[in-house]
Number of protein chains: 2
Amino acid sequence: MDDAPTSPTPVLAPVAAEDIAGLRGFNRYFTRRIGALDDHYLGQDRPLGEARLLFEIGEGPVSLRELRGRLGLDAGYLSRMVKALEGEGLVRVSVHPGDSRLRVAELTSAGRTEVEEQNRRADALADGLLKGLTREQRGQLTGALADAQRLLRLAAIRVEVVDGTHPDARTCLDAYAADIDARFPEGYDPATLVPPHEVSGRSGAFLVAYEEGRPVGCGALRRLADGAGEIRHVWVHPDARRLGLARRLLGELERQAVARGHRVVRLDTHASLTEAQAVYRACGYTEIPRYNDDVYGAHFFEKRLGR
Amino acid sequence: MDDAPTSPTPVLAPVAAEDIAGLRGFNRYFTRRIGALDDHYLGQDRPLGEARLLFEIGEGPVSLRELRGRLGLDAGYLSRMVKALEGEGLVRVSVHPGDSRLRVAELTSAGRTEVEEQNRRADALADGLLKGLTREQRGQLTGALADAQRLLRLAAIRVEVVDGTHPDARTCLDAYAADIDARFPEGYDPATLVPPHEVSGRSGAFLVAYEEGRPVGCGALRRLADGAGEIRHVWVHPDARRLGLARRLLGELERQAVARGHRVVRLDTHASLTEAQAVYRACGYTEIPRYNDDVYGAHFFEKRLGR
DNA sequence: CCATTTGTTTGACTCTAGTCAAGCAATAGG
DNA sequence: CCTATTGCTTGACTAGAGTCAAACAAATGG
């Protein structure tokens with residue numbers, strides 16, 4: 001058990017030099033070769049900044065504030081670019097109906113045409129690149145890129161301990177409640193959610209996972225009457241599923257439990273959450289008899305925290 | 001045979017939309033997230049162009065001509081940047097000993113220190129990214145990136161038909177001859193190489209594979225006395241091995257053979273080239289009895305070009 | 001209702017990156 | 001030996017990308 005080759009839940013370990021070299025080598029190759037190419041083609045006759053802006057406005061109307069955040073631009077710089085695009089008839093700007101300080105931009109039909117042309121060019125570029133490969137190799141490439149992207153996204157997600165009353169904690173719990181309310185045949189009563197004070201300070205913890213500053217997952221640890229830890233409300237935003245984030249949250253919650261002196265953690269799940277049950281089992285949890293009177297609980301799990 | 005799920009040698013087929021979308025999605029994610037981060041950190045207090053230049057000078061002395069090629073810079077622009085770095089005491093420039101038109105740049109110890117600092121920062125960035133993953137996930141990521149890079153390199157290689165007398169053809173054949181001369185216990189006599197006229201025009205073809213403008217592989221097709229095609233001198237530069245380029249060259253040579261009306265191609269290999277034999281077998285070649293008096297040939301193969 | 005805060009605009013800059021052409025020195029090719 | 005050619009430098013210029021501060025209007029919080 002001590003020298004298990006793979007660890008069921010994440011353990012922090014120093015990063016191997018070859019992994020760093022691999023990532024850096026790929027980064028050099030990719031950005032200099034493919035990325036640069038793409039930027040060059042995307043822009044064509046238009047400055048890259050404007051091309052990116054058009055692309056980012058894309059579908060529905062977007063507020064300038066949103067664009068500023070997404071592209072990381074200076075307010076003045078953005079304002080001027082939008083004005084230039086408006087002057088060319090590619091973008092229409094209007095005042096936000098709800099808040100007159102905000103301005104929202106959307107593409108005109110000419111703008112839409114230009115974005116389509118951009119997409120055509122980018123597709124042609126990708127097509128030209130992939131053409132040299134067999135169908136099988138293309139599939140391998142697509143698979144490898146998907147795996148890499150999944151892992152890079154997971155790696156970029158930061159898990160932080162926040163207070164149970166933190167707005168991001170509430171946002172996540174609301175989404176969690178809505179989510180399972182839709183999934184449980186009997187619905188879900190939000191009053192069942194763990195109260196903020198139980199997951200704050202010494203007695204418990206609340207974790208929020210952030211991807212690019214946006215909360216995309218959470219998990220709570222509280223103390224049971226008998227002194228064991230209890231994990232509750234492990235949730236992952238639909239956009240961030242299938243990355244392995246639930247496992248990561250679980251591991252972080254276990255670390256929090258260890259730090260609070262718990263030697264064992266328990267949790268329960270609803271009968272309908274079969275994937276969750278599989279995750280718990282894979283992470284070293286074993287099924288135990290009912291240990292509480294939770295109306296939604298159907299399966300009960302426990303894990304001893306060793307080391 | 002007609003509907004075999006995987007094709008032994010490359011066949012051109014339209015690129016699936018999902019492969020294009022996969023590559024484009026990854027490109028967007030990667031360049032905007034990782035690449036941009038990297039550039040930002042790499043530069044720090046120094047313009048990106050100069051930072052890249054320092055990195056590229058790296059070890060041993062490099063001629064400005066070489067740097068110009070590698071970074072794709074304008075001669076005047078490069079000249080000025082080198083001068084600026086020289087002024088800061090990071091780079092030492094001297095006249096090339098062999099050709100006084102050329103100038104060679106190398107790092108001073110201050111320059112080396114700065115590049116080390118660059119590397120430390122880039123390593124720290126990669127380390128910070130990978131830290132969120134388990135050791136197993138890091139290994140998966142490194143593997144996926146290596147696969148993707150291998151396939152992207154292969155995809156970016158262009159195979160062209162050149163005249164047998166073309167300098168790139170000669171370069172490749174010289175490298176090929178030197179390569180096998182070192183591998184064959186009995187050495188290799190370059191006089192055995194196919195004469196240029198046999199691989200030009202209607203009777204044959206000479207293919208050169210280019211990676212970023214540099215020849216990295218070749219292959220020849222000529223016509224045998226009985227009208228069959230013969231494939232010879234399939235060679236891949238050591239830097240471009242393990243990408244699957246030999247298979248690709250083989251496939252292109254077969255296409256050339258079909259275009260010239262050959263219904264069958266043959267080839268021979270030296271007893272010591274066991275990997276090559278494996279490739280031929282995997283690409284649908286079957287071993288046949290000796291069909292020529294080549295002193296180096298030990299195994300003889302044939303493939304019918306059907307459809 | 002008054003003071004902040006937020007979202008945006010405008011003017012005035014800076015710096016990086018890059019182009020283009022003229023010119024000079026060394027070399028290569030006939 | 002003469003004429004390209006190659007490699008580099010210099011001057012003159014441009015455009016893209018971005019910063020910073022002042023100003024102003026709408027919304028928000030006491």
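Lettering of chains follows the sequences in order, A, B, ..., and the numbering in each one begins at 1.
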note = Reading nucleotides 11-17 of chain D from 5' to 3' and marking B where a protein heavy atom lies under 4.0 Å of the base, S where only the sugar-phosphate is that close, and - otherwise, the string is BB---SB

Determine the minimum heavy-atom distance between [X] and [Y], stating which atoms define it.
X: B:Gly164; Y: B:Val199; answer: CA-CG2, 3.9 Å
X: A:Ala220; Y: A:Phe206; answer: CB-CD1, 3.7 Å
X: A:Ile57; Y: A:Val62; answer: O-CG2, 3.5 Å

Pairing residues for [X] by the side chain to side chain donor-acceptor pair (under 3.5 Å) criterion, not counting sequence neighbours:
X: B:Glu86; result: none
X: A:Arg101; result: A:Asp99
X: B:Ser79; result: none

task = Nearest whole angstrom, please: distance from the C1' of C:dG18 to the CG of B:Leu78.
result = 12 Å

inquiry  = What is the distance, to the nearest angstrom, from the CG atom on B:Leu53 to the C1' atom on C:dT16?
reply    = 14 Å

ask   = Which residues within residues 65-73 of chain B lie with some heavy atom under 4.0 Å of an atom in DNA chain D?
value = B:Arg65, B:Arg68

inquiry  = Near DNA chain D, counting only heavy atoms under 4.0 Å, which residues of residues 87-100 of chain B show up?
reply    = none

Report, one pair per line, the protein and nucleotides 2-5 of chain D atoms (nitrogen or oxygen only) whose separation is under 3.5 Å.
none

For residues 87-98 of chain A, which side-chain donor-acceptor pairs fall under 3.5 Å, sequence neighbours excluded?
| unit_1 | atom_1 | unit_2 | atom_2 | d |
| --- | --- | --- | --- | --- |
| A:Glu88 | OE1 | A:Arg46 | NH2 | 3.4 |
| A:Glu88 | OE2 | A:Arg46 | NH1 | 3.1 |

query = Do A:Arg158 and A:Asp168 sit within salt-bridge range, that is, some charged N less than 4.0 Å from a carboxylate O?
reply = no

query = Are B:Arg52 and B:Glu56 within salt-bridge range, i.e. N to O under 4.0 Å?
reply = no

ask   = So does B:Glu59 have more than 12 non-hydrogen atoms from other groups sitting under 6.0 Å from CD?
value = no

ask   = If we fit an axis to the first five pairs and another to the last five of the helix from C:dC1-D:dG30 to C:dG30-D:dC1, what angle do they make, to the nearest 10°?
value = 30°

task = Check the pair A:Arg121 / A:Glu117 against salt bridge (charged side-chain N to carboxylate O under 4.0 Å, His left out), numbers first and verdict last.
result = CA-CA 6 Å; A:Arg121 275 204 293 258; A:Glu117 177 56 29; 3.7 Å; yes

ask   = Picking from A:Val236, A:Leu243, A:Val208, A:Ile157, what satisfies side chain to side chain contact (heavy atoms under 4.5 Å, CB included) with A:Val216?
value = A:Ile157

Under 3.5 Å, sequence neighbours excluded: what are the donor-acceptor pairs made by side chains of residues 188-197 of chain B?
| unit_1 | atom_1 | unit_2 | atom_2 | d |
| --- | --- | --- | --- | --- |
| B:Asp189 | OD1 | B:Ala191 | N | 3.0 |
| B:Thr192 | OG1 | B:Asp189 | O | 2.6 |

Residues 122-130 of chain B, side-chain donor-acceptor partners within the protein, below 3.5 Å, at least two apart:
| unit_1 | atom_1 | unit_2 | atom_2 | d |
| --- | --- | --- | --- | --- |
| B:Asp123 | OD1 | A:Arg24 | NH1 | 3.0 |

key: Counterpart residues, ring-ring contact (aromatic ring centres under 6.0 Å, His included), relative to A:His166 (two or more places apart)   = none

